[in-house]
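Okay, so here's the structure we're looking at.
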Amino acid sequence: MLDQHYDPHAAEARIYPLWETAGCFKPSMDTSAEAYSIVIPPPNVTGVLHMGHALNNTLQDVLARYHRMRGKNVLWQPGADHAGIATQMVVERQLAESGANEDRRSLGREAFVERVWDWKAESGGKITEQLKRLGASCDWSREKFTMGEREDPDNQMVRAVRKVFVDLYNKGLIYRDKRLVNWDPHFQTAISDLEVEQREVDGHFWHLRYPLADGVTYEHPVFDEDGEPAGTETRDYLVVATTRPETMLGDTGVAVHPDDERYKDLVGKFVDLPIVNRRIPIVADEHADPEKGSGAVKITPAHDFNDFQVGERCDLPKLNILTDTASIVGGQDERGAPIADGAAEAAQIPQELRGLDRYEARDKIVAKFEALGLLQEIESKKIEQPFGDRSGVVIEPYLTDQWYVDAESMAKPAMAAVREGKTRFVPETWEKTYFNWMDNIQPWCVSRQLWWGHRIPVWYGPEVRQRDDGAVDILDPRGKIFVGENFDVVARLAQEYYGAPAVQVGTAFEQETLLFSDENDASKAPDWAKGADMRPKKYPLIQDPDVLDTWFSSALWPFSTQGWPENTEALQTFYPTATLVTAFDIIFFWVARMMMMGIEFMDGEVPFKDVYIHALVLDEKGQKMSKSKGNAMDPLELVDEYGADALRFTMAAMAAQGRNIRLSKQRVEGYRNFGTKLWNAARFCQMNECVSPAEDVDPAALNETVNKWILGELAKTAAEVARGIEDYRFNEAAGAAYRFIWNVFCDWYLELIKPLLNGEDEAAKAETRAVAAWTLDQTLKLLHPFMPFLTEELWEKLAEFGPERPGFLMLQAWPDFGPEWTDAAASAEIDWVIRLITEVRGVRGDLNVPPGAKPVLTLANASDEAQGRARRHDGVLTRLARLDRIEIANVAPDGTVNAVLDEATLCLDIAGLIDLDAERARLDKEIGKLEGDIAGIDKKLSNEKFVARAPAEVVQEQHTRKADAEAVVEKLKASRQRLLELG
RNA sequence: GGGCGGUUAGCUCAGCGGUAGAGCACUACGUUGACAUCGUAGGGGUCACUGGUUCGAUCCCAGUACCGCCCACCA
């Protein structure tokens with residue numbers, strides 16, 4: 001016998017391993033079945049399960065379980081993301097906290113990366129275990145990691161990334177460029193536009209005076225106190241405003257608008273840049289907005305995105321003044337490289353400013369301007385500033401060499417695929433977001449100056465030129481780029497270029513050198529180089545020290561997880577995937593890039609047919625929960641408290657909500673109660689010896705109306721649940737199952753069959769037991785995608801006294817019901833029964849009839865059909881409406897309280913039990929409401945246009961409603977009259 | 001500056017061209033042999049505002065107000 005309460009923890013801990021060891025999560029690989037695949041959005045390896053994951057993975061699991069039950073060859077592909085910055089950050093923090101006085105740099109690259117792998121081995125599997133607790137039916141035997149496996153540095157996941165990089169390079173879709181990037185001074189790496197977030201902060205505008213060179217002056221308009229023009233004054237300076245005064249060290253020009261009359265004569269002249277005493281030109285450029293500030297704008301091409309373009313247009317030098325940590329440069333940058341452009345100018349920077357942090361330098365520079373009498377004004381105002389989304393520090397535009405993906409070219413087919421319907425967004429409105437971004441897409445900076453990630457498969461060697469006499473000049477010691485999927489390939493390319501074979505020395509992590517030389521151990525040479533002619537020349541090749549943006553490898557996820565670049569069976573079977581389930585915040589980061597890469601490398605085939613975008617789960621403050629921000633609330637606490645099924649059901653039921661979900665604990669509690677309700681319904685069935693029949697119930701063979709009826713309700717529900725899941729309307733699917741179980745099966749069916757189960761009619765009893773048990777079984781199937789543990793547990797426990805189950809519930813076929821399962825007459829009859837009981841209960845409730853009172857119900861003016869129904873269901877009617885008995889009469893007996901059910905009047909002999917005034921008030925209220933309805937309908941029907949133009953059935957419906965209402969009013973008025981006569 | 005979305009019961013939110021819904025909360029009653037993690041009944045909304053389309057608008061369109069999000073080169 002079932003316990004009184006379901007114990008989620010015991011069931012979850014017991015059942016999940018059973019499923020897993022039985023291989024229930026593996027695809028059937030049934031070639032005759034349709035394949036259905038989902039790739040998990042790989043959680044960060046540093047991640048802990050938060051509400052967003054709970055929602056995201058619940059929905060995926062609902063889909064996976066549903067389609068599995070539909071007989072499809074289902075793969076839910078799990079895995080994790082190496083999460084470059086986030087993971088490196090975690091391990092760096094750990095180093096700092098360990099007190100061992102170690103940091104990344106002191107450790108060195110190779111050792112540090114080993115530490116990260118160690119960390120991953122220790123703590124990286126956490127989220128996987130958490131997903132299991134949710135009930136996720138991923139095929140864990142296929143779990144993937146975006147960096148592959150540590151033991152195999154040349155593993156397939158790594159090869160996939162390298163191949164993509166090399167192929168894109170060879171197609172010209174990846175290129176190296178020197179341009180401004182968003183530089184994160186904390187992590188000392190470039191980041192992409194998407195990793196920058198604009199925040200409004202309190203800031204200042206410093207208005208600075210730049211003296212004009214060569215004694216030039218001009219007339220500048222002035223205004224009086226009322227803002228009226230008041231002539232001009234002669235000025236020997238220009239005013240520029242800036243939020244970052246320290247950048248003035250890098251100014252190489254001042255721009256004014258070409259049409260700005262005030263400054264027209266100054267174009268072509270110069271200013272003397274204070275502090276560094278550099279002459280810089282005044283140029284005309286449309287970027288300068290005459291409306292803003294003074295209309296003159298300082299130009300710092302190396303540290304401002306606008307100014308960079310002005311610099312290009314006006315041919316101004318790009319002078320870098322910052323190091324990697326955003327300090328003022330000395331003679332060389334932080335990485336030891338000499339200042340490339342403008343070394344002489346850099347040398348002008350006063351010694352006391354060199355090496356200062358940007359903000360310290362700012363203060364000093366402002367002070368210097370003030371001391372020089374050149375600080376016109378400090379204006380306080382809110383300014384938008386860019387912050388690194390991981391580091392939280394202010395980003396600096398920084399001029400560096402980086403690798404870029406030509407996203408604009410790749411976006412075109414990716415947009416076309418959505419336009420042509422190859423990939424569909426659900427809800428469709430997210431297409432707009434996708435297109436909007438893709439239309440304005442910028443080159444994607446994919447290189448990161450980090451250590452944890454996929455090393456860029458690029459080597460730099462000396463660019464050489466052979467002179468006629470055979471001697472070789474080195475034009476640029478690192479100017480020759482070799483791009484290849486592995487060392488051998490690059491070595492071969494180098495051999496072609498240098499005409500000498502290659503030998504690798506050093507390790508993969510130290511900036512290894514590839515020497516073309518006979519001075520090296522020839523035994524280390526690759527096969528092709530053995531015995532080759534060695535010449536005594538050395539051309540060191542150095543691998544690019546940078547790694548790729550994490551999203552570069554994530555973009556390959558739908559095919560890299562399936563074994564690409566090998567053409568595996570998995571790849572053929574499960575690509576393209578059926579559905580991608582994700583939140584809108586990574587449409588740009590991930591979805592768009594998977595589209596681009598998938599189409600590019602999978603022969604134009606999109607990576608997924610549907611993209612289902614669900615809401616974002618926010619924390620209590622309405623803040624976006626982030627993987628590394630640490631503000632995520634822990635869904636596992638809810639699992640501990642209410643069970644995984646309750647949380648899952650909550651997630652599914654909330655899936656229709658808008659963009660934000662703020663989870664309420666009460667809701668989870670409510671769905672926990674729902675589980676208990678079902679559990680107890682099953683317990684009731686068990687107590688009444690409702691044992692599942694060995695074979696399916698045959699609807700044609702049933703005698704009892706109530707049994708025919710429940711099968712129709714079940715059929716309707718099964719269809720609703722299926723449609724809800726297939727249309728990604730999870731809330732509707734969950735709601736249909738919820739309503740059926742609670743409001744139909746428990747509230748009515750079980751109550752209606754109690755007389756049968758307790759009665760003497762053995763045939764009826766046997767039929768009812770079978771139908772009840774069987775219906776419950778089907779219900780478990782319908783609910784299984786949402787509440788897998790509870791349903792599996794019941795499936796097993798209910799089989800205790802019946803025929804053996806054909807295996808796990810999760811592997812049962814989804815029930816489909818044809819029209820033969822619905823019996824309209826039975827539905828009408830039970831509907832009548834329910835309405836009668838509801839009417840009587842309503843009257844009793846309104847009039848405060850004591851629950852113990854059992855009045856006689858007289859059915860007056862009832863049709864033969866109604867009389868028959870009353871007779872047939874006498875047992876349940878008297879029981880559920882709490883009646884003494886039911887009598888039939890032609891007219892309503894005096895002294896009764898009345899309600900109306902279709903043509904019949906329901907008469908209860910409770911006059912002695914109630915307050916007659918209350919009853920009159922009840923009737924008046926009822927009559928008043930109906931008369932209001934009738935008036936409304938009359939108004940409609942008297943509208944000629946309505947009658948003429950509305951569809952006939954709508955007009956007819958109004959007539960019917962009016963007639964029905966009038967009939968009821970008439971009966972209620974008669975009832976009221978009799979009541980008055982009674983006194 | 002550009003774009004997107006929201007405004008429905010006390011709360012959190014579904015819904016939708018033709019009688020306004022759920023869960024929770026609230027009120028009254030109830031230890032009826034599945035379930036008090038429950039049952040029965042009930043109260044509660046001029047569906048933000050203003051126009052328009054329509055026979056008919058909470059729903060479609062336009063505008064307004066308020067709230068929120070995303071994108072955009074930080075003078």
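Letters A, B, ... mirror the listed sequences (proteins, then strands); counts begin at 1.
Considering only side-chain N and O atoms, A/K754 lies under 4.0 angstrom from the phosphate OP1 or OP2 of B/A34. Listed pair A/T429 / B/G5 meets the phosphate criterion, a side-chain N or O lying under 4.0 Å from OP1 or OP2. Note on A/N673: a side-chain N or O is less than 4.0 Å away from OP1 or OP2 of B/C38. Between A/K665 and B/C24, a side-chain N or O to OP1/OP2 separation shorter than 4.0 Å is absent. The phosphate of B/C71 has neither OP1 nor OP2 within less than 4.0 Å of any side-chain N or O from A/Q442.
With both ends at atom P, the span from B/C55 to B/U50 equals 23 Å, rounded to whole Å. Taking atom P on both nucleotides, B/G52 is separated from B/A14 by 30 Å, rounded to a whole Å. On the P atoms, B/U12 is 14 Å away from B/G68, given to the nearest whole Å. B/A20 and B/C16 have their C1' atoms separated by 9 Å, given to the nearest Å. Nucleotides B/U54 and B/C11, compared at atom P, are 37 Å apart to the nearest Å. Rounded to the nearest Å, the gap between the C1' atom of B/G44 and that of B/C67 is 25 Å. Atom C1' of B/U27 sits at a distance of 23 Å from the matching atom of B/U32, rounded to the whole Å. Taking atom C1' in both B/C13 and B/G56, one finds a spacing of 28 Å when rounded to whole Å.
At the heavy-atom level, A/V954 lies under 4.0 Å from base atoms of the strands shown. Nucleic acid contact class of A/C685 (heavy atoms, under 4.0 Å, all strands): none. In this structure, A/P851 reaches the sugar-phosphate backbone alone: every heavy-atom distance under 4.0 Å involves primed, P, OP1 or OP2 atoms, never a base. As judged by a 4.0 angstrom heavy-atom cut-off over every strand, A/R672 is placed among the base-contacting residues. Contacts of A/F684 with the nucleic acid, taken as non-hydrogen atoms under 4.0 Å apart, include base atoms. Across all strands shown, A/D289 has heavy atoms under 4.0 Å from base atoms, whether or not it also approaches the sugar-phosphate. Residue A/R844 is classed as having no contact, given no heavy-atom separation below 4.0 Å to the nucleic acid. Across all strands shown, A/K929 has no heavy atoms under 4.0 Å from either base or sugar-phosphate atoms. Residue contacts shown for A/A241 are limited to sugar-phosphate atoms, with no base heavy atom under 4.0 Å away. Heavy atoms of A/A682 sit nowhere under 4.0 angstrom from any nucleic acid atom.
The base of B/C35 is paired with the side chain of A/K677 by a donor and an acceptor separated by under 3.5 Å.
Between the C1' atom of B/A14 and the CD atom of A/E720 lies a distance of 15 Å, rounded to the nearest Å. Taking atom CD of A/E957 as the reference point, atom P of B/G56 lies 18 Å away to the nearest angstrom. Note: CD1 (A/I937) to P (B/G56) measures 18 Å, nearest angstrom. Taking atom CG of A/L883 as the reference point, atom C1' of B/U32 lies 14 Å away to the nearest angstrom. Distance CG (A/L794) to P (B/A34): 17 Å, rounded to an integer number of Å. Between the C1' atom of B/G56 and the CZ atom of A/R961 lies a distance of 13 Å, rounded to the nearest Å. Straight-line distance from the CG atom of A/D938 to the C1' atom of B/G18: 16 Å, rounded to whole Å. With rounding to whole Å, A/F946 atom CZ is found 12 Å from B/U19 atom C1'.
Considering only the side chain of A/R841, B/U40 comes nearest among B/U37, B/G5, B/U40. The A/R667 side chain lies nearest to B/U12 when the options are B/A41, B/G18, B/U12. For A/A950, the listed nucleotide lying nearest its side chain is B/C55; candidates were B/C55, B/C35, B/G30. Here B/G39 is the nucleotide among B/C35, B/G39, B/G18 with the atom lying nearest to any side-chain atom of A/W742. Across B/C29, B/C24, B/G18, the shortest atom-to-atom separation from the side chain of A/Q666 is found for B/C24. Closest to the side chain of A/H5, from the set B/G5, B/U37, B/A34, is B/U37. The side chain of A/F588 lies closest to B/C70 when the candidates are B/G5, B/C55, B/C70. Counting only heavy atoms from C-beta on, A/L194 has its side chain closest to B/C71 among B/C71, B/A34, B/C74. With B/U37, B/G43, B/C35 as the candidates, the nucleotide lying closest to the side chain of A/K925 is B/G43. Listed nucleotides: B/A34, B/A28, B/G3. Nearest to the side chain of A/N436: B/G3.
Nearer to the 5' terminus of RNA chain B, by closest-nucleotide assignment, is the contact made by A/T838 (compared with the other of A/T242 and A/T838).
Comment: A/E793 engages A/K797 in a salt bridge, judged by a side-chain N to carboxylate O separation of less than 4.0 angstrom. Taking 4.0 Å as the cut-off between side-chain N and carboxylate O, A/K754 and A/E751 count as a salt-bridged pair. Using a 4.0 Å cut-off between charged nitrogen and carboxylate oxygen, A/K318 and A/E312 count as a salt-bridge pair. Between A/E839 and A/R841 there is no salt bridge, since no side-chain nitrogen of the basic residue lies less than 4.0 Å from a carboxylate oxygen of the acidic one.
Figure legend: A/R648 and A/F786 shown without cation-pi pairing, the cationic atom not lying both under 6.0 angstrom from the six-membered ring centre and within 45 degrees of its axis. Figure legend: cation-pi geometry between A/R672 and A/Y642 absent, as NZ or CZ is not positioned both under 6.0 Å from the six-membered ring centre and within 45° of its axis.
When both distances must be under 3.5 Å, the Watson-Crick or G-U wobble mate of B/U64 is B/A48. Both distances falling under 3.5 Å, in either a Watson-Crick or a G-U wobble arrangement, occur for no nucleotide opposite B/U53. Pair check for B/A22 finds B/U12; Watson-Crick or G-U wobble, both atom distances under 3.5 Å. Pairing of B/G1, defined by two Watson-Crick or G-U wobble distances under 3.5 Å, is identified with B/C71. Across all strands shown, B/C38 forms a Watson-Crick or G-U wobble pair with B/G30, both key distances being under 3.5 Å.
Between A/Y671 and A/Y738, the ring planes are perpendicular. Angles over 60° get that label, and only those under 30° would be called parallel.
One distance of note links CD of A/Q958 with CD1 of A/I934; it measures 12.5 Å at 0.5 Å rounding.
The number of heavy-atom neighbours closer than 6.0 Å to CD of A/E384, taken from other residues, nucleotides and ligands shown, is above 12.
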